[in-house]
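Quick note on labels: first sequence line is chain A, next is B, and so on, each numbered from 1. Heavy atoms only: backbone and side chains are in, while hydrogens, waters and symmetry mates are out.
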Protein chains: 2
Amino acid sequence: MTADPFLADCRARLAFDLLANTWNAVVVWALRDGPCRPAGLRRRIGGISSKVLTETLRRLQADGLVERRAAEPGRSGVEYELTDLGRTLLEPIGAFGVWAFEHGDEVAAAREAAEREEGAR
Amino acid sequence: MTADPFLADCRARLAFDLLANTWNAVVVWALRDGPCRPAGLRRRIGGISSKVLTETLRRLQADGLVERRAAEPGRSGVEYELTDLGRTLLEPIGAFGVWAFEHGDEVAAAREAAEREEGAR
DNA sequence: CAGAATCCTTTACGATACTG
DNA sequence: CAGTATCGTAAAGGATTCTG
């Protein structure tokens, strides 16, 4: 048995790394309906601080997934929007959403059972 | 604009949190072909220490995605295998794999461009 | 070979306060 | 309102060593 060719491909690891933090996927998903301002994003997402939102958006910008620009003419502030590349991520992320609805409860149940067992030890 | 109903669903966040670390998705993927022993997993994955692999497997076990048992009769050691629940994750994870092949280069290019710009600053 | 025990470094995340 | 600056904590990851 040798190294997995798929996992050896650095692009695959890159994709996994994109999701390997708490907020990237969440923020991309929160932008799926179109441009949004930071305050709006924070309301949508819930539980994310201004600082962490900014950091996440910078990361996504650097990866070419999100664009920052001045808000629509006549409105103050800025807007963030998914790039074309960023929008291609919506499909796989959505697949996880579907998975969550179908199997999230099972994971939660397993986790609680494991914790009970842990507590009984 | 109010909180996103999808993101407010704790199951959705749970799904994202499952992937919110470096190794969970990688290890699940490495187990897609069937039972495997830790040493085999380490070879397949590459770059993961024994300690981190064990931690990851424990996490996945607690979430009901992976099962641990003695290796096949006649062989020493232990084996890990995806549970039925764990196997349901292969589809969405695979979707990311496809995405990586199609768009990984674009992300890498964007990242490099951003770093060059960063360096020029 | 499986994996637990240590030790260490880094960073992600969170809370808060502050600036233009 | 957007974003930065600080500070603090917790956790993840890595390297190494040791044991059954």
Side-chain angles (χ1 to χ4, degrees), chain A residues 1-2 7 13-14 16-28 30-31 35-63 66-81 111 114-115 118 121, chain B residues 1-2 7 13-14 16-28 30-31 35-63 66-81 111 114-115 118 121:
Chain A
M1 188 184 313
T2 167
L7 291 176
R13 290 296 276 272
L14 186 151
F16 289 154
D17 286 348
L18 269 186
L19 305 187
N21 73 70
T22 312
W23 296 112
N24 270 11
V26 173
V27 170
V28 168
L31 282 167
C36 194
R37 305 205 291 164
L41 282 174
R42 293 190 59 193
R43 245 174 292 124
R44 281 196 158 170
I45 294 172
I48 189 173
S49 72
S50 157
K51 177 202 162 207
V52 172
L53 176 60
T54 302
E55 286 172 351
T56 305
L57 287 168
R58 293 282 173 278
R59 232 180 0 241
L60 295 173
Q61 267 185 274
D63 288 344
V66 157
E67 232 175 34
R68 175 187 190 272
R69 63 166 125 80
E72 313 232 329
R75 308 184 57 188
S76 64
V78 298
E79 273 179 356
Y80 290 90
E81 184 175 17
R111 197 174 286 187
E115 270 173 26
E118 172 83 8
R121 242 184 350 99
Chain B
M1 188 185 313
T2 168
L7 291 176
R13 290 294 276 271
L14 185 151
F16 289 153
D17 286 347
L18 270 185
L19 305 188
N21 72 71
T22 312
W23 297 110
N24 269 11
V26 173
V27 169
V28 168
L31 282 167
C36 193
R37 305 208 290 164
L41 283 174
R42 292 190 60 192
R43 243 175 293 123
R44 282 197 157 169
I45 293 172
I48 188 171
S49 73
S50 157
K51 177 203 163 206
V52 171
L53 175 62
T54 302
E55 287 171 351
T56 305
L57 288 167
R58 294 282 173 278
R59 234 182 356 243
L60 295 172
Q61 265 186 275
D63 288 344
V66 157
E67 233 174 33
R68 175 187 190 273
R69 62 165 128 81
E72 313 231 331
R75 311 184 55 190
S76 64
V78 296
E79 272 178 356
Y80 291 90
E81 184 176 18
R111 197 173 283 187
E115 269 171 27
E118 172 83 8
R121 237 183 357 95

Provide the closest heavy-atom pair for [X] versus [Y] in the form atom of the first, atom of the second, distance.
{"X": "Ala71(B)", "Y": "Ser76(B)", "answer": "CB-O, 3.5 Å"}
{"X": "Leu14(A)", "Y": "Arg111(B)", "answer": "CG-NH2, 4.5 Å"}
{"X": "Pro38(B)", "Y": "Val78(B)", "answer": "CD-O, 3.6 Å"}

Acceptor/donor pairs from residues 45-52 of chain B side chains to any protein atom, 3.5 angstrom cut, sequence neighbours excluded:
{"from": "Ser49(B)", "atom 1": "OG", "to": "Val52(B)", "atom 2": "N", "distance (Å)": "3.2"}

Taking [atom1] from [X] and [atom2] from [N], how many angstroms apart are they, rounded to a whole number?
{"X": "Asp17(A)", "N": "dG13(D)", "atom1": "CG", "atom2": "P", "answer": "10 Å"}
{"X": "Leu41(A)", "N": "dG3(D)", "atom1": "CG", "atom2": "P", "answer": "10 Å"}
{"X": "Gln61(B)", "N": "dA2(C)", "atom1": "CD", "atom2": "C1'", "answer": "13 Å"}
{"X": "Tyr80(B)", "N": "dC1(C)", "atom1": "OH", "atom2": "P", "answer": "15 Å"}
{"X": "Leu57(A)", "N": "dG3(D)", "atom1": "CG", "atom2": "P", "answer": "8 Å"}
{"X": "Glu72(A)", "N": "dC1(D)", "atom1": "CD", "atom2": "P", "answer": "17 Å"}
{"X": "Glu79(B)", "N": "dG3(C)", "atom1": "CD", "atom2": "C1'", "answer": "17 Å"}

Estimated bend of the helix from dC1(C)-dG20(D) to dG20(C)-dC1(D) (axis per five terminal pairs, rounded to 10 degrees)
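Overall, the helix from dC1(C)-dG20(D) to dG20(C)-dC1(D) bends by 40° from one end axis to the other.
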
Gln61(A) versus Tyr80(A): any side-chain heavy-atom pair under 4.5 Å?
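Heavy-atom side-chain distance check passes, below 4.5 Å.
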
Between dA4(C), dA2(D), dG3(D), which one does the side chain of Ala39(A) approach most closely?
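The answer is dA2(D), which lies nearest to the side chain.
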
Check whether any side-chain nitrogen or oxygen of Arg75(B) sits under 4.0 Å from OP1 or OP2 of dC1(C), and answer yes or no.
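No, Arg75(B) has no side-chain N/O under 4.0 Å of OP1/OP2 on dC1(C).
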
Does a nitrogen or oxygen in the side chain of Arg68(B) sit under 4.0 Å from OP1 or OP2 of dG3(C)?
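So the side-chain polar atoms of Arg68(B) do come within 4.0 Å of the phosphate oxygens OP1 or OP2 of dG3(C), strictly under.
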
I'd like a list of close polar pairs between nucleotides 9-14 of chain C and the protein, N/O only, cut-off under 3.5 Å.
{"from": "dC13(C)", "atom 1": "OP1", "to": "Thr22(A)", "atom 2": "N", "distance (Å)": "2.6"}
{"from": "dC13(C)", "atom 1": "OP1", "to": "Thr22(A)", "atom 2": "OG1", "distance (Å)": "2.5"}
{"from": "dC13(C)", "atom 1": "N4", "to": "Lys51(A)", "atom 2": "NZ", "distance (Å)": "3.2"}
{"from": "dG14(C)", "atom 1": "OP2", "to": "Trp23(A)", "atom 2": "NE1", "distance (Å)": "3.2"}
{"from": "dG14(C)", "atom 1": "N7", "to": "Lys51(A)", "atom 2": "NZ", "distance (Å)": "3.3"}
{"from": "dG14(C)", "atom 1": "O6", "to": "Lys51(A)", "atom 2": "NZ", "distance (Å)": "2.4"}

Apply the test side chain to side chain contact (heavy atoms under 4.5 Å, CB included) to residues Asn24(B) and Val28(B): give CA-CA distance (whole Å), side-chain angles for both, the deciding distance (0.1 Å), then the verdict.
CA-CA 6 Å; Asn24(B) 269 11; Val28(B) 168; 5.6 Å; no

Please enumerate all residues that pass side-chain contact (heavy atoms from CB on, under 4.5 Å) together with [X], with sequence neighbours excluded.
{"X": "Thr22(A)", "result": "Asp17(B)"}
{"X": "Leu19(A)", "result": "Ala25(A), Leu19(B), Phe96(B)"}
{"X": "Ala39(B)", "result": "Arg43(B)"}

